[in-house]
Chemist: 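Just dropping this structure here.
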Amino acid sequence: MRYCGWVVRKVQVGRVLILEVSTSSSVRLSVLVFKPERDRDFYATVRDVDVGTALCFEGFPAEEQKSKRGIEYVVEKLEIYAKPLEPLPVDTAGKTPVLLDTRLKYRWLLARKPEERAIVRIRSGIIKAAREYFEANGFTEIHTPKIVAAGAEGGATLFKVQYFENDAYLSQSPQLYKQMLIASFEKVYEITPYFRAEKFNTPRHLNESWGIDAEQGFISSVEDVMKTLEELVAYIVNYVSKNYREELEELGIQPLQLTTPFKRLKFTEVVDLLRSEGVDVRENEDLSDYAERKLGEIMSEKKHYLYFIVGFPWSSTAFYYMREEDGIYTRKFDLDFKGLEIASGGQREHRYEKLVEALKDKGLNPENYSFYLEAFKYGMPPHGGFGLGIERLLMKILNLENIREAVLFVRDRTRLIP
RNA sequence: GCCGCCGUAGUAUAGCCCGGUUUAGUAUGCGGGCCUGUCGAGCCCGUGACCCGGGUUCAAAUCCCGGCGGCGGCGCCA
């Protein structure tokens with residue numbers, strides 16, 4: 001077996017040389033042990049190898065596994081591919097601390113460390129699990145445009161781009177497009193970037209983030225959509241727990257086993273609950289971050305780590321959510337994970353006239369949405385869907401303190417490089 | 001948009017409040033030496049830093065102003 005990777009640590013004790021190599025085949029380090037009498041052929045070469053060297057080796061696991069840091073190999077063949085020109089700017093052996101800022105600058109290099117590598121691999125696992133779930137459940141993967149015309153959704157502010165002679169924007173959500181496709185597909189999903197031009201600087205916001213979006217038609221109620229979302233999230237989390245044990249262990253995370261259904265809370269119940277705890281909540285607005293976190297604490301005490309909040313007031317939602325008969329509440333829901341909103345969705349308004357009315361009610365001009373509205377003229381079934389934030393989900397699964405840790409190359413208020 | 005805190009070697013930090021006692025300390029890295037497999041190895045020697053500009057002062061890493069950069073809180077947002 002041939003393994004390739006980078007030397008993250010080199011130790012010499014007496015005449016024994018030890019190289020710890022980070023390979024992409026595992027988050028566990030490979031420990032290469034060289035003794036002068038046994039490894040005459042490579043000994044001189046290895047003595048010359050610096051931390052950071054890219055190499056491949058062939059060998060077999062040693063009988064005596066003395067190392068506590070990885071799997072020991074007896075090397076039979078060694079190929080050196082590249083040596084570092086300078087000492088590495090950050091410690092890939094995990095001994096010297098590194099600040100988040102520096103960590104983000106050198107993420108591509110630090111990913112040689114087991115912990116950083118583990119985060120990247122688990123993120124990859126989330127995507128893999130999501131695809132598996134959707135493909136097994138009759139969803140078709142779609143791709144909608146990321147360069148869009150104005151007025152996609154209201155809400156978050158958009159990044160402007162010059163599109164030849166027209167102004168255009170980076171898509172903040174595939175919302176309108178995935179809905180339009182319910183005119184021809186029963187179930188669709190998309191794994192996509194979201195671009196949001198909000199000037200936030202918080203541990204839970206990014207200006208470029210990724211989402212898992214789904215939309216399904218022919219539903220009988222918003223429950224159908226919530227069921228898809230909870231099954232998806234449970235599938236992802238359980239998949240990661242099962243298939244990424246080493247990675248989770250490396251990060252010191254206890255694998256989580258989720259069962260469905262998740263707890264459902266009505267928005268009005270949440271308001272009452274929080275008020276009884278002395279939290280100031282407005283009944284016609286979305287919950288504040290503080291209120292969300294507080295609710296997370298209350299729910300965690302009852303062992304409900306994931307829970308839905310259903311029935312947000314119309315005054316706090318986007319125009320496309322279906323309103324209840326009372327006109328006050330909607331079929332919009334959020335899915336929170338330990339006090340953080342990781343997904344939101346709901347049943348949409350599929351009736352053309354009602355949708356036009358809703359746009360007007362929100363002070364939007366239906367003419368600007370004619371491309372979207374037209375999709376509701378020719379047999380649009382009742383439908384709903386959701387958007388699930390990948391970084392937020394990853395953050396919560398891994399107990400990351402800052403959402404920036406969940407992305408390799410961060411785009412936030414001030415970071416455009418690397 | 002409003003507000004707060006921070007900015008010292010490659011990395012991470014002490015010193016800053018109370019200016020001079022600092023050739024700016026420590027750890028780690030890096031270079032060299034020692035050590036019969038270390039595992040945050042150890043021991044010895046060496047290396048290297050006060051974000052930028054202006055001001056106050058006999059004297060500024062330390063105080064003041066501005067800029068740039070980082071982190072966070074509120075708002076907004078997923």
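Throughout, protein chains are lettered first and strands after them, A, B, ... in sequence-line order, and every chain is numbered starting at 1. Treat the numbers as computed from the prediction; the structure is a model and nothing was measured.
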Chemist: Between A:Y372 and A:Y320, is the gap from one ring center to the other below 6.0 Å?
Modeler: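 They do not qualify: ring centres at least 6.0 Å apart.
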Chemist: Among B:C74, B:C76, B:G31, which nucleotide sits nearest the side chain of A:H205?
Modeler: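 Between B:C74, B:C76, B:G31, the one nearest the side chain of A:H205 would be B:C76.
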Chemist: Look at A:K95 and B:G29 and indicate whether a side-chain polar atom (N or O) is within less than 4.0 Å of OP1 or OP2.
Modeler: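 For A:K95, the contact criterion (side-chain N or O under 4.0 Å from OP1 or OP2 of B:G29) is met.
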Chemist: Quick one: A:I18 CD1 to B:A41 C1', roughly how many Å, whole number?
Modeler: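 My rounded result for the distance is 9 Å.
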Chemist: How many whole angstroms separate atom CG of A:L158 from atom C1' of B:C76?
Modeler: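 In whole Å, B:C76 C1' lies 13 Å from A:L158 CG.
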Chemist: If you measure from the P atom in B:C52 to the same atom in B:U47, how many Å do you get, rounded?
Modeler: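 Each nucleotide's P atom is 23 Å from the other's.
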Chemist: Of the candidate nucleotides B:G72, B:U38, B:C76, which contains the atom at the shortest distance from the side chain of A:R404?
Modeler: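 Of all the options, the side chain of A:R404 is nearest to B:G72.
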Chemist: For the residue pair A:F333 and A:F308, does the interplanar ring angle fall in the parallel (under 30°), tilted (30 to 60°) or perpendicular (over 60°) class?
Modeler: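 Correct class here is perpendicular.
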Chemist: Can you tell me if A:R38 touches the phosphate of B:U36, counting only side-chain N or O atoms and a distance under 4.0 Å to OP1 or OP2?
Modeler: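 So the side-chain polar atoms of A:R38 never come under 4.0 Å of the phosphate oxygens OP1 or OP2 of B:U36.
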Chemist: Does the plane of the ring in A:H350 sit parallel, tilted or perpendicular to the ring in A:H383? Use 30° and 60° as the thresholds.
Modeler: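 The arrangement is perpendicular - the two ring planes meet at more than 60°.
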Chemist: Please verify the inter-ring angle class for A:Y133 with A:Y235; under 30° counts as parallel, over 60° as perpendicular, anything in between as tilted.
Modeler: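 Ring orientation, 0 to 90° scale: tilted.
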Chemist: How close do A:D336 and A:E292 get, counting heavy atoms only, and between which atoms?
Modeler: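 Closest approach of A:D336 to A:E292: OD2-CG, 3.5 Å.
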Chemist: Which sits closer to the 5' end of RNA chain B, A:G94 or A:T202, going by the nucleotide each is nearest to?
Modeler: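 Closest to the 5' end, via its nearest nucleotide, is A:G94.
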Chemist: Is the charged tip of A:K362 near the ring of A:F319: under 6.0 Å from the six-membered ring centre and within 45° of its axis?
Modeler: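 Ring-cation test returns no.
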Chemist: Using atom C1' of each nucleotide, how far apart are B:U56 and B:G66 to the nearest Å?
Modeler: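 Rounded to whole Å, the distance is 15 Å.
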Chemist: Can you tell me how far P of B:C34 sits from CG of A:L17, to the nearest Å?
Modeler: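 Those two atoms, CG and P, are 13 Å apart.
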Chemist: State whether A:R204 places a side-chain N or O below 4.0 Å from either non-bridging phosphate oxygen (OP1 or OP2) of B:G73.
Modeler: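 So the side-chain polar atoms of A:R204 do come within 4.0 Å of the phosphate oxygens OP1 or OP2 of B:G73, strictly under.
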Chemist: Between A:F267 and A:Y329, what is the ring plane arrangement, given parallel below 30°, perpendicular above 60°, and tilted in between?
Modeler: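 Rings of A:F267 and A:Y329: tilted, 30 to 60°.
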Chemist: To the nearest angstrom, how far is A:E198 atom CD from B:C74 atom P?
Modeler: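 So the CD-P distance, A:E198 to B:C74, works out to 15 Å.
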Chemist: Working to the nearest 0.5 angstrom, can you tell me the gap between A:L104 CG and A:F409 CZ?
Modeler: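 The CG atom of A:L104 sits 10.5 Å away from the CZ atom of A:F409.
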Chemist: Pull out every stem in RNA chain B, meaning runs of 3 or more consecutive Watson-Crick or G-U wobble pairs with both distances under 3.5 Å.
Modeler: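 RNA chain B stems, ordered by first number: B:1-7 with B:68-74, B:10-13 with B:25-28, B:29-34 with B:42-47, B:51-55 with B:63-67.
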Chemist: Using atom P in both nucleotides, what's the gap between B:C45 and B:G7 to the nearest angstrom?
Modeler: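 The same atom, P, in both gives a distance of 31 Å.
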Chemist: Is the positively charged end of A:K332 above the ring of A:W314, judged by distance under 6.0 angstrom from the centroid and angle within 45° of the axis?
Modeler: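 No, A:K332 does not lie over the aromatic ring of A:W314.
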Chemist: Counting heavy atoms from C-beta on, name the nucleotide in B:G75, B:U38, B:G40 closest to the side chain of A:E72.
Modeler: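 Nearest to the side chain of A:E72 among the choices is B:U38.
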Chemist: Applying side chain to side chain contact (heavy atoms under 4.5 Å, CB included), run through A:Y307 and A:F337 and close with a yes or a no.
Modeler: CA-CA 7 Å; A:Y307 45 91; A:F337 192 159; over 6 Å; no
Chemist: From the list B:C35, B:C39, B:G72, which nucleotide is the closest neighbour of the side chain of A:N402?
Modeler: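 For the A:N402 side chain, the nearest candidate turns out to be B:G72.
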Chemist: B:C39, B:C76, B:U38: which one has an atom nearest the side-chain heavy atoms of A:F200?
Modeler: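 Looking only at heavy atoms from C-beta outward on A:F200, the closest nucleotide is B:C76.
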Chemist: Identify whether any heavy atom of A:Q12 sits under 4.0 Å from a base atom; if not, whether one sits that close to sugar-phosphate; answer base, sugar-phosphate or nothing.
Modeler: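 The answer is base, as A:Q12 lies within the cut-off (heavy atoms under 4.0 Å) of a base atom.
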Chemist: Determine whether the aromatic ring centres of residues A:F159 and A:F195 are separated by less than 6.0 angstrom.
Modeler: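 Here the rings of A:F159 and A:F195 have centres that are no less than 6.0 Å from each other.
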Chemist: Could you check whether A:E208 and A:Y194, counting side-chain N and O atoms only, form a donor-acceptor pair closer than 3.5 Å?
Modeler: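 A:Y194 vs A:E208: no donor-acceptor pair found between side chains.
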Chemist: Give the rounded distance in Å between these two atoms: CZ of A:R413 and P of B:C68.
Modeler: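 After rounding, the gap between these two atoms is 11 Å.
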Chemist: Would one find a side-chain N or O of A:K199 under 4.0 angstrom from OP1 or OP2 of B:C76?
Modeler: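 A:K199 to B:C76 OP1/OP2: no side-chain N or O under 4.0 Å.
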Chemist: Rounded to whole angstroms, how far apart are CG on A:N201 and C1' on B:G75?
Modeler: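 Taking atom C1' of B:G75 as the reference, CG of A:N201 is at 14 Å.
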Chemist: If you check every side-chain atom of A:P87, which of B:C39, B:C30, B:G73 has the closest atom?
Modeler: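 In terms of side-chain proximity for A:P87, the closest of B:C39, B:C30, B:G73 is B:C30.
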Chemist: Between the protein and nucleotides 8-13 of chain B, are there any N/O to N/O pairs under 3.5 Å, and if so, what are the atom names and distances?
Modeler:
unit_1, atom_1, unit_2, atom_2, d
B:G10, O2', A:P89, O, 2.6
B:U11, O4', A:P89, O, 3.4
B:U11, O2', A:P97, O, 2.7
B:A12, OP1, A:L99, N, 2.8
B:A12, OP1, A:T102, OG1, 2.5
B:A12, O4', A:P97, O, 3.2

Chemist: In terms of side-chain heavy atoms of A:R293, which of B:U28, B:C77, B:G73 is nearest?
Modeler: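 Selected nucleotide (nearest to the side chain): B:G73.
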Chemist: Give me the distance, rounded to whole Å, that separates B:G25 from B:U38 when you measure between the P atoms they each carry.
Modeler: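 Roughly 34 Å separates the two P atoms.
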Chemist: Which value, in whole Å, describes the distance between the C1' atoms of nucleotides B:U62 and B:A14?
Modeler: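 My reading of the C1' atoms in B:U62 and B:A14 gives 13 Å.
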Chemist: What's the CD-C1' distance between A:E405 and B:G72, to the nearest Å?
Modeler: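 Rounded to whole Å, this separation is 15 Å.
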Chemist: Nearest whole angstrom, please: distance from the C1' of B:C77 to the OH of A:Y290.
Modeler: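 The distance from OH of A:Y290 to C1' of B:C77 comes to 20 Å, rounded to the nearest Å.
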Chemist: If the P atom of B:G42 is compared with that of B:G48, how far apart are they to the nearest Å?
Modeler: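 About 24 Å, rounded to a whole number of Å.
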Chemist: Using the C1' atoms only, state how far B:A9 lies from B:U22, rounded to an integer number of Å.
Modeler: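 Approximately 16 Å lies between the C1' atom of B:U22 and that of B:A9.
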Chemist: Nearest to the side chain of A:D289 - B:G72, B:G75, B:C77?
Modeler: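 Among B:G72, B:G75, B:C77, the one nearest the side chain of A:D289 is B:C77.
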Chemist: When the C1' atoms of B:G53 and B:G31 are considered, how many whole Å apart are they?
Modeler: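 Per the computed distance, 36 Å lies between those C1' atoms.
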Chemist: Using the closest heavy atom to pick a nucleotide of RNA chain B for each, name whichever of A:D50 or A:V31 lands nearer the 5' end.
Modeler: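 Per heavy-atom nearest nucleotide, the more 5' residue is A:D50.
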